[in-house]
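Inspection log for the structure reproduced underneath, given as structure tokens.
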Amino acid sequence: MEKWMDLSGKVMIVTGGSQGIGEHVVKTLRNNGAAVVVADLRNNETFEKDENIFFVECNVADKKSVDSMMEQVIKKYGKIDGLLNNAGVSRPRLLVDFYGKRPEYELSEEDFDFMVNVNQKGVFLCSQAAARYMIKQKSGVIVNMSSEAGMQGSKGQSCYSGTKGAVLSYTMSWAKELGPYNIRVVGVAPSINERTPMNNDAAFEALAYTRGQDKNNVSSDYEKVIPMGRPGKLDEIADLICYLMSDRASYISGTTVNISGAKSTR
Ligand SMILES: NC(=O)c1ccc[n+]([C@@H]2O[C@H](COP(=O)([O-])OP(=O)(O)OC[C@H]3O[C@@H](n4cnc5c(N)ncnc54)[C@H](O)[C@@H]3O)[C@@H](O)[C@H]2O)c1
């Protein structure tokens, strides 16, 4: 992976950095010179021997765990330049199982709490803990991972979409609160991408059911609705985030950037 930006001396935290989009962001930030903290429930073994990557076991939905992670970062590096709130979970669910065949794919209270806790409360807890330090520093950037689903809604993903819509609003509000302290808050909204573990076979099966589709046709249907004719690459998302976390994006705040190959709604 080529170096295209100078992030040397920067300390960047990536929640959920062990796999999927987060893993690509960690590698991109690291290859451009940053020290990267991976805050995740589990480590990625390819990061273990890399002295520029610091793994801290962290559950973003748990305040004690988040506060402890931030303390460890400050103890090791003395500052936090950037936080990417990337950790997220999804369970495709219908509000009501009107097909009447798979009650497990109807949104339960437990599903709701699980998604809201990680996607929404986790973003709040991590942002609050990081902002306390960033306010003292009078500098920093928080990037929140939203989704096109959070802007447009998504059949079979109402709860997930709701959490991502909330994230979009946090971005705008926190940017207004933290701007005077020279802290930027920006969102990123990917759409349909190369598969990650989040989009595993079980998730595809659930999503296909909620949409009344054959599970083998979901992804080809997706490709028809993307004007650029292909899913997004994880490195394309990582490059956007790397730029937004850098000082090159020094006047971008309070907005969410859609990265979707021109797909809007379906
Ligand atoms: N994959 C996509 O196409 C897509 C599209 C739009 C938005 N997003 C968003 O991008 C982010 C990353 O998605 P992904 O597809 O790479 O997901 P993924 O499931 O592949 O990876 C998520 C990572 O988050 C970690 N994680 C989960 N719960 C956690 C918790 N409580 N505390 C700490 N870490 C936790 C997991 O261990 C994992 O490493 C998510 O917020 C997702 O909603 C993804």
Side-chain angles (χ1 to χ4, degrees), residues 13-28 36-47 53 55-70 83-92 113-127 129 142-154 157 159-168 170-171 187-204 207 218-219 222-223 226 230-238 240-241 244 256-261 263:
I13 301 173
V14 178
T15 71
S18 293
Q19 66 179 33
I21 296 173
E23 179 182 354
H24 285 250
V25 176
V26 170
K27 288 180 179 162
T28 304
V36 188
V37 179
V38 175
D40 201 308
L41 297 171
R42 61 192 76 88
N43 201 355
N44 174 322
E45 62 185 31
T46 64
F47 294 165
I53 299 176
F55 171 74
V56 183
E57 189 178 329
C58 175
N59 176 3
V60 297
D62 180 276
K63 183 169 162 47
K64 273 194 191 143
S65 180
V66 169
D67 289 347
S68 156
M69 180 270 290
M70 293 290 173
L83 164 70
L84 170 65
N85 284 309
N86 166 76
V89 290
S90 169
R91 286 181 186 169
D113 289 344
F114 176 67
M115 285 184 262
V116 169
N117 263 328
V118 179
N119 297 3
Q120 218 173 305
K121 186 178 168 189
V123 170
F124 147 60
L125 291 174
C126 291
S127 299
I142 297 171
V143 176
N144 292 327
M145 189 61 93
S146 183
S147 167
E148 194 217 7
M151 296 172 149
Q152 307 279 349
S154 178
Q157 293 188 299
C159 180
Y160 174 79
S161 303
T163 63
K164 295 299 180 178
V167 163
L168 199 135
Y170 291 141
T171 297
V188 173
S191 181
I192 294 165
N193 306 295
E194 289 171 337
R195 281 178 79 167
T196 65
M198 177 179 273
N199 305 313
N200 57 26
D201 289 346
F204 260 82
L207 191 61
V218 174
S219 88
Y222 276 168
E223 285 169 33
I226 305 170
R230 64 170 176 86
K233 296 178 187 163
L234 304 188
D235 281 337
E236 290 172 323
I237 302 169
L240 171 64
I241 291 169
L244 291 173
T256 291
V257 182
N258 202 349
I259 174 161
S260 67
K263 180 179 174 299

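When a ligand or atom number is given, it counts from 1 through the structure's own listing order. Hydrogens, waters and symmetry mates play no part in the numbers below; they use all other heavy atoms, side chains included.
Closest of all the heavy-atom pairs between Thr163 and Met115 is CG2-O, 3.9 Å. What you find for Ser146 and Leu168 is that their closest heavy atoms are OG-CD1, 4.0 Å. Taking both residues in full, the closest heavy atoms of Ser191 and Ser260 are given as CB-CB, 3.5 Å, listed atom of the first, atom of the second, then distance.
Judged purely by atom type and a 3.5 angstrom limit, Asn193 has no side-chain atom pairing as donor or acceptor with the backbone of Lys233. At distances below 3.5 Å, not a single donor-acceptor pair connects side-chain atoms of Ser154 with backbone N or O atoms of Gln157.
Within ligand 1, counting atoms from 1 as listed, the ones closer than 4.0 Å to a heavy atom of Met145 are 9 (C), 10 (O), 11 (C), 41 (O). For ligand 1, the atoms closer than 4.0 angstrom to any heavy atom of Asn199 are 1 (N), 2 (C), 3 (O). Near Cys58, meaning under 4.0 Å from one of its heavy atoms, ligand 1 places the atoms 32 (N), 33 (C). Here is the list of ligand 1 atoms found below 4.0 Å of a heavy atom in Ser147: 6 (C), 7 (C). For ligand 1, the atoms sitting less than 4.0 Å from at least one non-hydrogen atom of Asn59 are 30 (C), 31 (N), 32 (N), numbered in the order shown with element in parentheses. In the vicinity of Asn193, heavy-atom distances shorter than 4.0 Å reach the ligand 1 atoms 2 (C), 3 (O), 4 (C), 5 (C). For ligand 1, the atoms closer than 4.0 angstrom to any heavy atom of Pro197 are 20 (O). Atom numbering of ligand 1 starts at 1 in the shown order; those under 4.0 Å from a heavy atom of Arg42 are 36 (C), 37 (O).
Under the 3.5 Å distance criterion, with hydrogens and angles disregarded, no donor-acceptor pair is assigned to the side chains of Asn85 and Thr15. Looking only at atom types and distance, the side chain of Ser18 has no donor-acceptor partner in the side chain of Asn44 under 3.5 Å away.
For the pair Arg42 and Phe55, the cation does not sit on the ring face, since its NZ or CZ is not both under 6.0 Å from the ring centre and inside 45° of the axis. The side-chain tip of Arg91 points at the ring of Phe114 from less than 6.0 angstrom away and within 45° of straight on.
The protein non-hydrogen atom at the shortest distance from atom 38 (C) of ligand 1 is Gln19 CG, 3.5 Å. Closest to atom 23 (C) of ligand 1 among all protein heavy atoms lies Gly16 O, 3.6 Å. In terms of protein heavy-atom proximity, atom 36 (C) of ligand 1 is nearest to Asp40 OD1, 3.5 Å. At the shortest separation from atom 43 (O) of ligand 1 among protein heavy atoms lies Tyr160 OH, 2.5 Å. For atom 35 (C) of ligand 1, the closest non-hydrogen atom of the protein is Ala87 CB, 3.7 Å. Closest to atom 22 (C) of ligand 1, if we only count protein heavy atoms, is Gly88 O, 4.0 Å. Scanning all protein heavy atoms for the shortest distance to atom 16 (O) of ligand 1 gives Ile21 N, 2.8 Å. Distance from atom 17 (O) of ligand 1 to its nearest protein heavy atom, with residue and atom name: Met198 CB, 3.5 Å.
The shortest N/O to N/O separation between Val60 and ligand 1 falls below 3.5 Å.
Judged as a side chain to side chain donor-acceptor pair (under 3.5 Å), and not counting sequence neighbours, Lys121 has no contacts.
With a 4.0 Å heavy-atom cut-off, ligand 1 is reached by no atom of Glu148. Residue contacts with ligand 1, taken as heavy atom pairs separated by less than 4.0 Å, involve Ser146 solely via the backbone atoms N, CA, C and O.
Between Arg230 and Glu194 there is no salt bridge, since no side-chain N of the basic residue sits under 4.0 Å from a carboxylate O of the acidic one.
Within the 4.0 Å heavy-atom shell around ligand 1 one finds Lys164. Using a 4.0 Å heavy-atom cutoff, Ser191 is listed among the residues neighbouring ligand 1.
No option in Val60, Asn59, Val66 other than Asn59 meets the side-chain contact (heavy atoms from CB on, under 4.5 Å) test with Asp62. The residue from Leu83, Thr171, Leu84 that alone fulfils the side-chain contact (heavy atoms from CB on, under 4.5 Å) condition with Ile142 is Leu83.
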